[in-house]
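Below is one structure, written out as structure tokens; comments come after it.
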Amino acid sequence: MKTERTRRVSWKLIGMVLLLILCMLPGQILVAAEEQSTAQTKIPEYTSFSDLKGKTVSMLTGAPFEELVRSKEPEVGAFTYFNNMSDIILALKSGKTDACLNNNAIAELAANRDDAIVLFPEALQEGVFGFAFAKGDESRKDWQAAYDTISEETKKELWEKWTGSDDAKKVLPKQDWPGTNGTVRVAACDTLEPMSYAGAGGEIKGFDIEMILTMAKKLDVHVEFVGMEFSAILAYVQSGKALFGAGSIIATAERKEAMDFIDYYPASFVLVVRAVKGQVQKEAFWDSVKKSFEKTFIQEERWKMFLQGIGTTLLITVLSILLGTALGFGVFLLCRGGNPLANGLTRLCLWLVQGMPMVVLLMILYYLVFASVAIGGVTVAVVGFSLTFGAAVFGLLKMGVDTVDKGQYEAAYALGHSDRHTFFRIILPQATPRVLPAYQGEITSLIKATAIVGYIAVQDLTKIGDLVRSRTLEAFFPLIAITVIYFVLESLFALLMKQIMIRTDPKKRSREEIMRGVKVHE
Amino acid sequence: MIKIEHLQKKYEGTTPLKDVSVEIHDGDVISVIGPSGTGKSTLLRCINLLEKPTAGRIWVDGEEITGRKKPALAVRRKMGMVFQSFNLFGHMTVIENIMLSPMDLLGQSKQAAYEEGMRLLRMVGLAEKAFAYPDELSGGQKQRVAIARALAMDPDIILFDEPTSALDPTMVGEVQTVIRELAKTGKTMMIVTHEMRFAKAISNRVFFMDEGGIYEDGTPEQVFEHPIKEKTRRFIQRLKVMELEIHSADYDFVGMENKIAGYCEKNRISPKVAGRVQLIFEELVQQILISRLSTPDIRVMIEYSEEKGRVTFTARYNGEPFDAILEGDTLSADILKSAVEEKEYRYLEEEECPNELKLKVKD
């Protein structure tokens, strides 16, 4: 009966998700249709800097170019910041911002792929791309020397290869040199196509990346690339987790105060704005959905990335549930004895862990606590989520055990049971069923909370959604897709928990089960 | 088998047990009675160390159980306890409640524990409920299971802490029957109870507890029929007493009349009887005694026995021997006689107020 009901509930859930998607689809059609408007010559909505008066200009978090924009038009309305290019393009298309600033390589690619946006006709400033090293890092000189031996022809060749339209050519060379000088880690942005982005299998590639490999070959070192948000790169390098950072970082004077750079390619800042809407060709609804689906899942076998993302999300979730439960339980047992030291310490830790935004806790663990230790983002995520989940389990246990009547202890003690025995045989079995529903709620919260691990360079489901969006510039479909996947994952965990609740309910045992091993005379 | 010396239990603000010294012998069936808040339950809970005594020592079978760091689990296994609130383990069936401790603590096999459990359930008349869960049982059934659970450990003594207080009146009987049957088997038992008739019927020893100790200790005949101490008598007869003192002719007559009326109302004394009590006070104290005594010292005690439904009015006063009804103002004396069923006059020379006039008020 119970399982029947659960099944019905989960179907209801899926139905609701489908409804949600249907509600979103009109927007989807519109965007899809706009993309189809074939205007050979796209006309920008704004054509001179004075048009930007009172408008909003957006850029990536960590890009310090407000002064530059203001020097051209002092009365820009506002500046807003985003974590990746696809979010900016989406904001631009949906009218949440009016222009976005980026380097020429990225801007051109974006404008070429999307008919709704176009390059702003006036350039902002010329600059140079750089690889960012920690201030005073001596090894920068070796890499600079290696860079200096690269010929201009090679550089040009690479630039054309990665900014060109032929995606088939965009393959990185294998690191087939011996690597006698070891392996270095490089922090690279994973959403800035074509400079530095995640390919079909989630591997980092792009112009920056191949340039680094060219230098690495000369130095005979192997390179391990760690993909992350643009805004995370500098912190990652400064904390020593990577030797240097890449991701079309333009070496400005302000940045040079904090970091040392290898300048490697001329860059220019440009703005991207909306194109004036041309004639909209209506496209069949299912065709646009099909196209979005193909772009999101089929092209470049992106479904494999989604599978990997789901795997990572599940891995973090399951490990955090197991470790967190063990942690919460263990700490509860230590504190149960009333030891003032254990209780005081626990209170302090709870206060710390529960008072901090999860994303801040993760970054502190990643960039400060485990900065000098070579452990990956997934491990740090598991540690962080185990801590918070453990705190939740501790609270649940405390609450559940408190609901058990004092008389249950007294009866057990009076019969001669030890404190330990009383707890495990009498109290805990009665407390557990009372907190399992809340425990299930904590699991759902945990799955959702893991969506922030992208901040510490982990490619979970949400992050994969970001990566795919940054490649396809499809905003809605990947978002809806990962929403559905999260709902499905949550339903799976809910079903599992329902099963556990039924199995562990002492009152659901059969008479045979209770009397196993006893000959019952009727 | 249990020896208690100078046992004391203090909580912040109150001391329910001040000083208890007593011996409990094998085969004793002891009823512990007394007003609430006099440490009856505390005494019971100290014996099996559910409460840690503040001071004093307890020996069980010659072995001291107080003054240890860890509670003596082995000692507790020899003492069964039945609680007011049953405290059956909610996640287990009735039979599991009974089997758990013999299996886990005495190493009994599951089969043996089951056989013994079923025997005990038959004894308390609940064999058919073996696979029910506690929340499916009535209060009386729960308490009978709890008794069976205590018996399964084959304890040397069973402590009953108000076993019928939480029960519906209709269920008190079934539990009392089980306890009564148990008493006949010669099991040592100690029962905290408010049911006087039950206590009288089953026990061979009664503790009357008051003032933080065992105030009176004797056979049921002694304690119930011929209590040595006044407090015991009052409690046994469930007397409600009010005392008034008058030291001046200008005392607050209206205030006292009012007090008497309040007392009668509180104890649900019928308006007719209450009227007589007020009449006696007015005639005896106000009309006769106050006008006669130059420096009055009068003490009035009004007693109401719930047991007998009767009010007694006792007045003590100073001065020469003087029977107010015989020698007082005739009009007032006649009124008094009409309200009183029986009178008793004594003169106790040693006392401060040597005249004592005891009047049984007419029903």
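In what follows, chains are A, B, ... by sequence order, proteins preceding strands, each numbered from 1.
Under the 6.0 Å distance and 45° angle rule, A:K448 does not count as a cation-pi partner of A:Y486. A cation-pi arrangement is present between B:R149 and B:F89, with the terminal nitrogen or guanidinium carbon under 6.0 Å from the aromatic centre and inside a 45° cone about the axis.
For B:M79, the part lying under 4.5 angstrom from a heavy atom of chain A is the backbone only. For a residue to count as touching a neighbouring chain, one of its non-hydrogen atoms must lie under 4.5 Å from one of that chain's; by this rule B:L88 touches chain A with the backbone only. Contact annotation for B:D135: only side-chain heavy atoms (C-beta onward) come within less than 4.5 Å of a heavy atom of chain A. Heavy-atom distances place no part of B:M118 under 4.5 Å from chain A, backbone and side chain included. Residue contact with chain A, scored on non-hydrogen atoms closer than 4.5 Å, is absent for B:S85.
Each of A:M515, A:H421, A:K406, A:R516 has some count of heavy-atom pairs under 4.5 Å with chain B, and the biggest count is that of A:M515. Taking B:G90, B:A146, B:S109, B:G80 one by one and counting their heavy-atom pairs under 4.5 Å with chain A, the maximum is reached by B:G90.
For the pair B:K40 and B:D161, the salt-bridge criterion is not met [side-chain N within less than 4.0 Å of a carboxylate O].
Scanning both residues, B:G139 and B:L167, for their nearest heavy atoms gives C-CD2, 3.3 Å.
Put simply, the side chain of A:T422 gets close to the backbone of A:S418: a donor and an acceptor are under 3.5 Å apart.
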From CA spacing to verdict: side-chain contact (heavy atoms from CB on, under 4.5 Å), A:L415, B:R77:
CA-CA 6 Å; A:L415 282 162; B:R77 285 169 201 169; over 6 Å; no
